[in-house]
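Have a look at the structure below before the remarks.
Every value quoted in this text rests on a predicted model; they were computed, and no experiment measured them.
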Amino acid sequence: IRYGLTDRIEVNAEFSPISAWDNSVTPHTSFTGVEPVSVGFNYQLLTESARQPSIVVSAQLAIPYFATTHFTADRYAPMVELITNLPIHKHHVIGLSAGLFWDGFSANPNFIYNANYTCHVTGKWDLGGEVFGFVNGGPSQHNFDVSAAYNFTPAIQLGATAGVGLTPA
């Protein structure tokens with residue numbers, strides 16, 4: 001959920017239910033629960049115009065003990081990201097971002113990237129898709145998500161996202 005404090009600053013919280021399957025062991029195992037809850041803020045450095053994208057600095061902190069048993073992290077997990085968005089039509093927006101993400105287990109950060117598309121379907125509904133990933137010292141992880149969001153007011157939005165990994169975790 002996101003809430004706009006001003007035209008440039010918003011606060012947010014992320015609650016992520018998750019199901020995970022491990023097919024590498026016999027018998028196969030699965031877990032369902034909630035990842036650590038994240039809280040954060042976004043600050044808009046530059047507002048988009050016909051010739052320039054918007055530029056936003058985003059920061060979040062995942063709280064390790066605000067999670068279910070199988071998804072609890074060992075430590076706090078910060079994330080900082082630089083986000084650009086450019087409207088390409090009245091109802092269509094493309095975006096790119098890059099940043100650093102700590103996973104809550106390692107003291108070393110991962111490089112993160114995101115390329116996304118959003119369609120403002122109506123005055124209240126947004127649909128989107130994104131390709132994103134994590135690059136670190138081990139195998140890179142790449143994913144694809146789709147999302148839907150409902151805008152209750154210009155300041156309050158609630159959304160849902162579903163996705164799939166494109167590479168082995």
How would you list, by chain and number, every residue that makes a salt bridge (Lys or Arg N to Asp or Glu O under 4.0 Å) with E130, sequence neighbours excluded?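 E130: no salt bridge (Lys or Arg N to Asp or Glu O under 4.0 Å) contacts found.
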Could you tell me which non-hydrogen atom of [X] sits nearest to which non-hydrogen atom of [Y], and how far apart they are?
{"X": "L86", "Y": "S49", "answer": "CD1-O, 4.3 Å"}
{"X": "G104", "Y": "A77", "answer": "N-CB, 3.6 Å"}
{"X": "P36", "Y": "I63", "answer": "CB-O, 3.3 Å"}

Atom CZ of residue position F105 - does it have more than 12 heavy atoms of other residues, nucleotides or ligands inside 6.0 Å? yes
Under the side chain to side chain contact (heavy atoms under 4.5 Å, CB included) rule, collect the residues that match up with S147, sequence neighbours excluded.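 Result, side chain to side chain contact (heavy atoms under 4.5 Å, CB included) vs S147: T161.
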Holding to side chain to side chain donor-acceptor pair (under 3.5 Å), I want the full list of residues that pass it with N42, two or more places apart in sequence or in another chain. E10, S58
Qualifying ring-ring contact (aromatic ring centres under 6.0 Å, His included) pairs with a residue from residues 127-158, counting only residues at least two apart or across chains: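 Output for this query lists F101-F134, Y113-H142, W125-Y150, Y150-F152.
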Would you list the pairs meeting ring-ring contact (aromatic ring centres under 6.0 Å, His included) in which at least one residue belongs to residues 32-72, sequence neighbours left out?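 Passing the test, one end in residues 32-72: F31-H70.
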Within a strict 4.5 Å, meaning less than it, do heavy atoms of the [X] and [Y] side chains meet?
{"X": "V34", "Y": "F15", "result": "yes"}
{"X": "L5", "Y": "V11", "result": "yes"}
{"X": "I112", "Y": "M79", "result": "yes"}
{"X": "L82", "Y": "I55", "result": "yes"}
{"X": "Q52", "Y": "T47", "result": "no"}
{"X": "D126", "Y": "N151", "result": "yes"}
{"X": "P64", "Y": "R75", "result": "no"}

If you apply the rule side-chain contact (heavy atoms from CB on, under 4.5 Å), what do you find for Q60 with N12, and how did you get there? CA-CA 8 Å; Q60 282 192 321; N12 57 62; 3.0 Å; yes
I'd like to know whether N116 forms a side-chain contact (heavy atoms from CB on, under 4.5 Å) with I94, so could you lay out the CA-CA distance, the side-chain angles of the two residues, the decisive distance to 0.1 Å, and finally the verdict. CA-CA 6 Å; N116 60 72; I94 56 172; 5.9 Å; no
First locate atom NE2 of H120, then atom NE2 of H92, and finally report the distance between them rounded to the nearest 0.5 Å.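 Result: 9.5 Å between the selected atoms.
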Would you please test Q141 and T167 for side-chain hydrogen bond (donor to acceptor under 3.5 Å, both in side chains) and show each step? CA-CA 6 Å; Q141 184 177 357; T167 54; over 6 Å; no
Determine yes or no for a side-chain-to-main-chain donor-acceptor pair under 3.5 angstrom, with T84 supplying the side chain and L96 the backbone. yes
Are L45 and I9 co-members of a hydrophobic cluster defined by side-chain heavy atoms under 4.5 Å apart?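 They do share one cluster, since a chain of ILVMFWY contacts under 4.5 Å joins I9 to L45.
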Tell me whether L166 is reachable from F111 by hopping between hydrophobic residues (I, L, V, M, F, W, Y) whose side-chain heavy atoms are closer than 4.5 Å.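 Result: yes, single cluster for both.
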Do [X] and [Y] pair up side chain to side chain, a donor and an acceptor below 3.5 Å, judged on atom types alone?
{"X": "T32", "Y": "S19", "value": "yes"}
{"X": "N136", "Y": "N108", "value": "no"}
{"X": "N85", "Y": "E48", "value": "no"}

Mind checking ring-ring contact (aromatic ring centres under 6.0 Å, His included) for Y76 and listing every partner two or more places apart, or none if nothing turns up?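 Checked Y76 against ring-ring contact (aromatic ring centres under 6.0 Å, His included); zero matches.
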